[in-house]
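Structure, as structure tokens:
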Amino acid sequence: MSFTRVRSLNRVRSVRSVRSIRSVPRVPRVPRVPRVPRVRRPWRLAAEATALLTAAVVAFPLYWMVLSAVKPAGEVQSDRPRPWTSAPSLDAFRRVFGQQDFARYFLNSLLVAGTVVVVSALVAFLAATAVTRFRFRFRTTLLVMFLVAQMVPVEALTIPLFFLLRDAGAYVPGIGLNTLGSLILPHIAFSLPFAIWMLRGFVRAVPESLEEAAYLDGASRARFLWRILFPLVFPGLVATSVFSFISTWNDFLFAKSFIVSATENSTLPMALLVFFKDEGNDWGGIMAASTVMTVPVLVFFVLVQRRLVSGLGGAVKD
């Protein structure tokens, strides 16, 4: 076959294919519907405005605390306070960090709060598992006692705890008065009822079929507890740890009552007393020290915020 004949055959085929494509009826184009602007409902706008107003009210004391910490002494004690400053200063922070043993107070607070968070979380996890997974006598009575313990005010137990720690210190070193153990033990005791009651819901939400499947696969009770159950209830542990950390970090009553003479074992809230003087309170130093106290709490929130949201939002679904 000659080259010219091949080209003519290809040309005929291409013409036929073009005619077949043109003969196919076209699908009519659907007219484009104009986008309707989204109209927010009045209740939605009211809810968002209320949320913004609430956030502003909550954030305003923090803003005023930081503002007072960077204001000069004349503006802090002015009769006409302004919500801004034209001459920010760090003199108040220099006075705070220049106080004797301030760094030691800070480390003592970290040690006490960290110990309370870790110990209370582990004990609460084991106790919540026991009262949820096992059936024993007086289990309901024990749960009711956890709720009753939350109703007793801390101030009513401070004096009995003072005498208890004073007598216990004579037999067990490290938990008597003027020791950090006298701050750690009461905070653990007050944190456990709430932590156990809250973790009980998380442990109960884990299906028992998961536990049975783990046992069928050869897992021991300890392995199921720490390798399977512990990661599932970890968001709940984070949520309870936040409350334990805040209550321990901001404690002033126990630190003032149980640390009588050993000032080297005082915590950070006790450092604020230095700025309350007979000739006049140093409000700039007080606000600067309060700002320094707030920083670890904010850092702790940033580190656990994802786990905290899931922990407060719910537990594992079956």
Side-chain angles (χ1 to χ4, degrees), residues 109-152 154 175 180-181 183-251 296-318:
S109 294
L110 283 179
L111 178 61
V112 172
T115 305
V116 170
V117 167
V118 174
V119 175
S120 62
L122 292 178
V123 175
F125 169 66
L126 297 175
T129 305
V131 299
T132 304
R133 294 298 186 183
F134 302 108
R135 299 293 183 267
F136 52 89
R137 295 182 60 185
F138 305 111
R139 187 174 69 97
T140 305
T141 305
L142 183 62
L143 294 175
V144 173
M145 290 177 60
F146 290 153
L147 291 179
V148 173
Q150 295 294 313
M151 301 178 186
V152 180
V154 178
I175 64 171
L180 294 180
L183 303 179
I184 294 174
L185 285 181
H187 281 294
I188 291 176
F190 282 103
S191 301
L192 280 178
F194 172 77
I196 293 173
W197 188 266
M198 187 171 182
L199 286 177
R200 178 172 168 265
F202 285 86
V203 176
R204 185 171 54 184
V206 178
E208 295 184 0
S209 58
L210 184 62
E211 182 177 0
E212 296 173 355
Y215 293 154
L216 290 176
D217 290 339
S220 61
R221 186 177 297 276
R223 187 171 184 179
F224 168 77
L225 192 67
W226 297 108
R227 300 293 297 273
I228 299 177
L229 185 61
F230 184 81
L232 292 177
V233 302
F234 187 74
L237 287 172
V238 172
T240 56
S241 298
V242 168
F243 292 105
S244 301
F245 182 84
I246 293 177
S247 62
T248 305
W249 182 263
N250 295 329
D251 172 66
V297 180
L298 296 178
V299 172
F300 188 71
F301 266 107
V302 171
L303 294 177
V304 302
Q305 60 177 345
R306 294 184 179 180
R307 296 286 186 176
L308 179 62
V309 172
S310 59
L312 295 177
V316 182
K317 295 182 180 180
D318 190 359

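Just so you know, these numbers come straight off a predicted model, no measurement behind them.
Ala213 pairs by the side chain to side chain contact (heavy atoms under 4.5 Å, CB included) definition with nothing, not counting sequence neighbours. Among residues two or more places apart in sequence or in another chain, the salt bridge (Lys or Arg N to Asp or Glu O under 4.0 Å) test is passed with Arg227 by none. Among residues two or more places apart in sequence or in another chain, the ring-ring contact (aromatic ring centres under 6.0 Å, His included) test is passed with Phe245 by Trp249, Phe300. Applying the side chain to side chain contact (heavy atoms under 4.5 Å, CB included) rule to Val299 yields the partners Val295, Leu303; only residues at least two apart in sequence or on another chain are considered.
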Tell me which donor-acceptor pairs under 3.5 Å the side chains of residues 118-131 have, and how far apart each pair is, sequence neighbours excluded?
residue, atom, partner, partner atom, Å
Ser120, OG, Val116, O, 2.4
Ser120, OG, Val117, O, 3.3
Thr129, OG1, Phe125, O, 2.8

Side chains of residues 228-235: which donor-acceptor partners sit under 3.5 Å, not counting sequence neighbours?
none

Acceptor/donor pairs from residues 183-200 side chains to any protein atom, 3.5 angstrom cut, sequence neighbours excluded:
residue, atom, partner, partner atom, Å
His187, NE2, Asp251, OD2, 3.3
Ser191, OG, His187, O, 2.7

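Residue Arg223 qualifies as open at atom CZ: its count of foreign heavy atoms under 6.0 Å is 12 or below.
A distance of 13.0 Å separates CE of Met145 from OG1 of Thr140, quoted to the nearest 0.5 Å. Note: Ser109 OG to Asn250 CG = 9.5 Å, rounded to the nearest 0.5 Å.
Closest non-hydrogen pair, Ala214 versus Phe224, comes out as CB-CD1, 3.9 Å.
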| task | Apply the test side-chain contact (heavy atoms from CB on, under 4.5 Å) to residues Leu143 and Leu147: give CA-CA distance (whole Å), side-chain angles for both, the deciding distance (0.1 Å), then the verdict. | result | CA-CA 7 Å; Leu143 294 175; Leu147 291 179; over 6 Å; no
| request: Could you please spell out the steps behind the side-chain contact (heavy atoms from CB on, under 4.5 Å) verdict for Arg204 and Arg133? | output: CA-CA 8 Å; Arg204 185 171 54 184; Arg133 294 298 186 183; over 6 Å; no
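Annotation: salt bridge (Lys or Arg N to Asp or Glu O under 4.0 Å) contacts involving residues 213-222, sequence neighbours excluded, comprise Glu211-Arg221.
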